[in-house]
Amino acid sequence: DTEVTQTPKHLVMGMTNKKSLKCEQHMGHRAMYWYKQKAKKPPELMFVYSYEKLSINESVPSRFSPECPNSSLLNLHLHALQPEDSALYLCASSQDNLAGAQSYNEQFFGPGTRLTVL
Amino acid sequence: QQQVKQSPQSLIVQKGGISIINCAYENTAFDYFPWYQQFPGKGPALLIAIRPDVSEKKEGRFTISFNKSAKQFSLHIMDSQPGDSATYFCAARRDNAGNMLTFGGGTRLMVKP
């Protein structure tokens, strides 16, 4: 199973709502990533979890709150978002994210959640 | 600051032709250079990746050419097919930054039948 699943596929929310995005993988990967992708742009890294601990936060506003309940699950909690936060939110996983690996540690991406903030 | 520059932004190729996408980088700390393919409504998927000590890598119709001294690399798609129509991203991984990728700006490829 080389699949990363994300739910929901689409989400529309108001600026006062609280919602969560969910990501799951069963490949035994110990690194998981959240990316934001705007239309016609490359993915932008938001957060990295390594062995269930937050290792990288790319200066993301606090209205985005990640959570890694276990090694297979990654959540992104959303609160008080702005219309400019509308984007495709991608989750990815890799075997790990340790430096110095002799081969490319492939990041497997999920299909994303299309988020619209009204 | 864009550390990986990708060109062209868009490309139209006839079926059977060769599609060529170029990328250039500045940071010599990059140690892997993967290419990702993304179809509309889907997440990116790895196509092929190369290390900087290899000048060329081929997998089927896809070839990466790498010029370390020029800090440039390119993707060649031979015998391009309409099913190859997608957005392609080159990327670079920093060897001391926990598998983090820096993406190029992307190239939207359309292969005409």
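Proteins come first, then strands; the chains are lettered A, B, ... in the order of their sequence lines, and each starts at number 1. Source: prediction; values computed, not measured. Heavy-atom basis, side chains included; hydrogens, waters and symmetry copies ignored.
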Where does [X] contact chain A at under 4.5 Å (heavy atoms): side chain, backbone, both or neither?
X: B/Phe33; result: neither
X: B/Ala45; result: neither
X: B/Gln9; result: neither
X: B/Pro34; result: side chain

Winner by heavy-atom pair count (cut-off under 4.5 Å) against chain B, out of A/Ala31, A/Ser94, A/Gly112, A/Pro43: A/Pro43
Joint hydrophobic cluster, [X] plus [Y], side-chain heavy atoms closer than 4.5 Å:
X: B/Ile77; Y: B/Val111; answer: yes
X: A/Tyr35; Y: A/Leu76; answer: no
X: A/Val48; Y: A/Met46; answer: no
X: A/Leu74; Y: A/Phe108; answer: no
X: B/Phe39; Y: B/Leu47; answer: no

Of all the residues in residues 54-65 of chain A, which have a heavy atom that comes within less than 4.5 Å of a heavy atom in chain B? A/Ile56, A/Glu58
Return the [atom1] to [atom2] distance between [X] and [Y], rounded to the nearest 0.5 Å.
X: B/Thr102; Y: A/Glu44; atom1: OG1; atom2: CD; value: 11.5 Å
X: B/Asn99; Y: A/Gln107; atom1: CG; atom2: CD; value: 5.0 Å
X: B/Gln38; Y: A/Leu88; atom1: CD; atom2: CG; value: 7.0 Å
X: A/Phe109; Y: B/Lys42; atom1: CZ; atom2: NZ; value: 15.5 Å

Do the non-hydrogen side-chain atoms of B/Arg93 and A/Asn105 ever get within less than 4.5 Å of each other? yes
So which residue, B/Pro44, B/Gly43, B/Gly106, ends up with the most heavy-atom pairs under 4.5 Å with chain A? B/Pro44
At a heavy-atom separation under 4.5 Å, does A/Gln6 approach chain B through its side chain, its backbone, both, or neither? neither
Is the number of heavy atoms from other residues, nucleotides or ligands under 6.0 Å of B/Arg108 CZ greater than 12? no
Please name the pair of heavy atoms, one in B/Phe103 and one in A/Pro42, separated by the smallest distance, quoted to 0.1 Å. CB-CB, 3.6 Å
B/Phe89 and A/Lys41 have their tightest heavy-atom pair at CZ-O, 3.6 Å
